[in-house]
Amino acid sequence: MVAKLEEALKKTEELLVKWETTKPQVNEEEREKVTEKIATARAFIKEKEEAQAAKESHEDPAYLSADLVEKVTPVEALMQRLSKKPKPKPPKKELNETKSENATETNATDTSSTETNATETNATDTNSTEEEAAEKEAEGGTERSEGKPTDEESAEESDEGD
């Protein structure tokens, strides 16, 4: 029984060493608590074995196996609790700041290109309007605003009404 308990304590120590890298959620303080409980359990076992060695075989035992299990149980319970401790959530990336910075840069770029495109479009529209007006004049017509009748159309409408 003592050999099994010693083996269990040894495996627990090995697991603690492994957890230093694989379980960041188990901090140094918690690992030290487990190590202290292991040391306490080992000291108790050693003390009881020495007491048993000093006794004669016909005398009552210095300890019962249940006494040893009682000292190792808190170590196992603490290890089980720590093994169930959830991993910390990964830190959130600050998306808002990143998006804001990118959006600002994009908007600045878009605005300047939009202004340039608008200027080019307006210049093109102006040129084509001037060209259309020149063509109409060459055909003998005059340019008029949409929705407003020319003098000739006004005269025809008034003649029709009479």
Side-chain angles (χ1 to χ4, degrees), residues 1-135 143 145-148:
M1 181 69 168
V2 173
K4 287 183 181 180
L5 292 176
E6 281 292 332
E7 183 66 28
L9 293 174
K10 182 179 177 183
K11 285 184 180 180
T12 302
E13 287 178 322
E14 291 171 358
L15 189 57
L16 281 177
V17 171
K18 183 179 176 183
W19 280 5
E20 287 180 21
T21 56
T22 60
K23 289 202 176 252
Q25 66 268 31
V26 179
N27 60 35
E28 184 66 30
E29 183 179 316
E30 292 167 325
R31 287 192 299 268
E32 284 180 19
K33 282 182 183 180
V34 174
T35 304
E36 288 172 10
K37 287 187 182 275
I38 291 172
T40 303
R42 281 197 172 135
F44 178 79
I45 292 169
K46 184 178 179 182
E47 177 185 317
K48 293 300 177 181
E49 280 190 323
E50 289 173 356
Q52 182 63 36
K55 290 193 169 219
E56 294 294 322
S57 58
H58 65 281
E59 294 179 333
D60 288 335
Y63 66 93
L64 301 174
S65 59
D67 295 338
L68 298 179
V69 172
E70 189 178 293
K71 286 293 183 178
V72 175
T73 302
V75 175
E76 292 173 347
L78 182 57
M79 284 298 289
Q80 195 161 28
R81 184 178 60 82
L82 292 176
S83 70
K84 292 179 181 178
K85 190 173 181 181
K87 289 184 178 181
K89 293 181 181 179
K92 291 184 179 181
K93 295 179 181 177
E94 295 181 17
L95 297 176
N96 292 340
E97 290 181 16
T98 306
K99 284 184 179 178
S100 297
E101 290 173 9
N102 289 342
T104 305
E105 292 172 8
T106 304
N107 289 343
T109 305
D110 288 347
T111 304
S112 62
S113 64
T114 304
E115 289 173 359
T116 304
N117 290 342
T119 305
E120 290 172 2
T121 304
N122 289 342
T124 306
D125 289 346
T126 305
N127 290 342
S128 57
T129 306
E130 289 174 2
E131 289 173 6
E132 289 173 7
E135 286 177 15
E143 186 179 333
S145 301
E146 289 183 28
K148 293 183 180 178

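As a basis for the values below, the full set of heavy atoms in this structure was taken, side chains included, without hydrogen atoms, waters or symmetry mates. Residue indices begin at 1 and follow the sequence shown.
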Can you give each donor-acceptor pair under 3.5 Å made by side-chain atoms of residues 63-81, sequence neighbours left out, with the distance rounded to 0.1 Å?
unit_1, atom_1, unit_2, atom_2, d
D67, OD2, L64, N, 3.1
T73, OG1, V69, O, 2.6

Just wondering, are more than 12 heavy atoms of other shown residues or ligands nearer than 6.0 Å to NZ in K46? no
If you look only at distance, which donor and acceptor atoms sit under 3.5 Å apart when one is on a side chain in residues 25-36 and the other is two or more places apart or in another chain?
unit_1, atom_1, unit_2, atom_2, d
Q25, NE2, K85, O, 3.1
N27, OD1, E29, N, 3.2
N27, OD1, E30, N, 2.9
E28, OE1, R31, NH2, 2.8
E30, OE1, N27, N, 3.0
E30, OE1, K85, NZ, 2.9
E30, OE2, K85, NZ, 2.9
R31, NH1, V26, O, 2.5
T35, OG1, R31, O, 2.9

Any residue meeting side chain to side chain contact (heavy atoms under 4.5 Å, CB included) with T22, in chain and number order, not counting sequence neighbours: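 Counting only residues at least two positions away or on another chain, T22 forms a side chain to side chain contact (heavy atoms under 4.5 Å, CB included) with K18, W19.
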Qualifying residues under side chain to side chain contact (heavy atoms under 4.5 Å, CB included), relative to K4, sequence neighbours excluded: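 Applying side chain to side chain contact (heavy atoms under 4.5 Å, CB included) to K4 gives none.
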Acceptor/donor pairs from residues 7-16 side chains to any protein atom, 3.5 angstrom cut, sequence neighbours excluded:
unit_1, atom_1, unit_2, atom_2, d
T12, OG1, A8, O, 2.8
E13, OE1, R42, NH1, 3.1
E13, OE1, R42, NH2, 3.2
E13, OE2, R42, NH1, 3.0

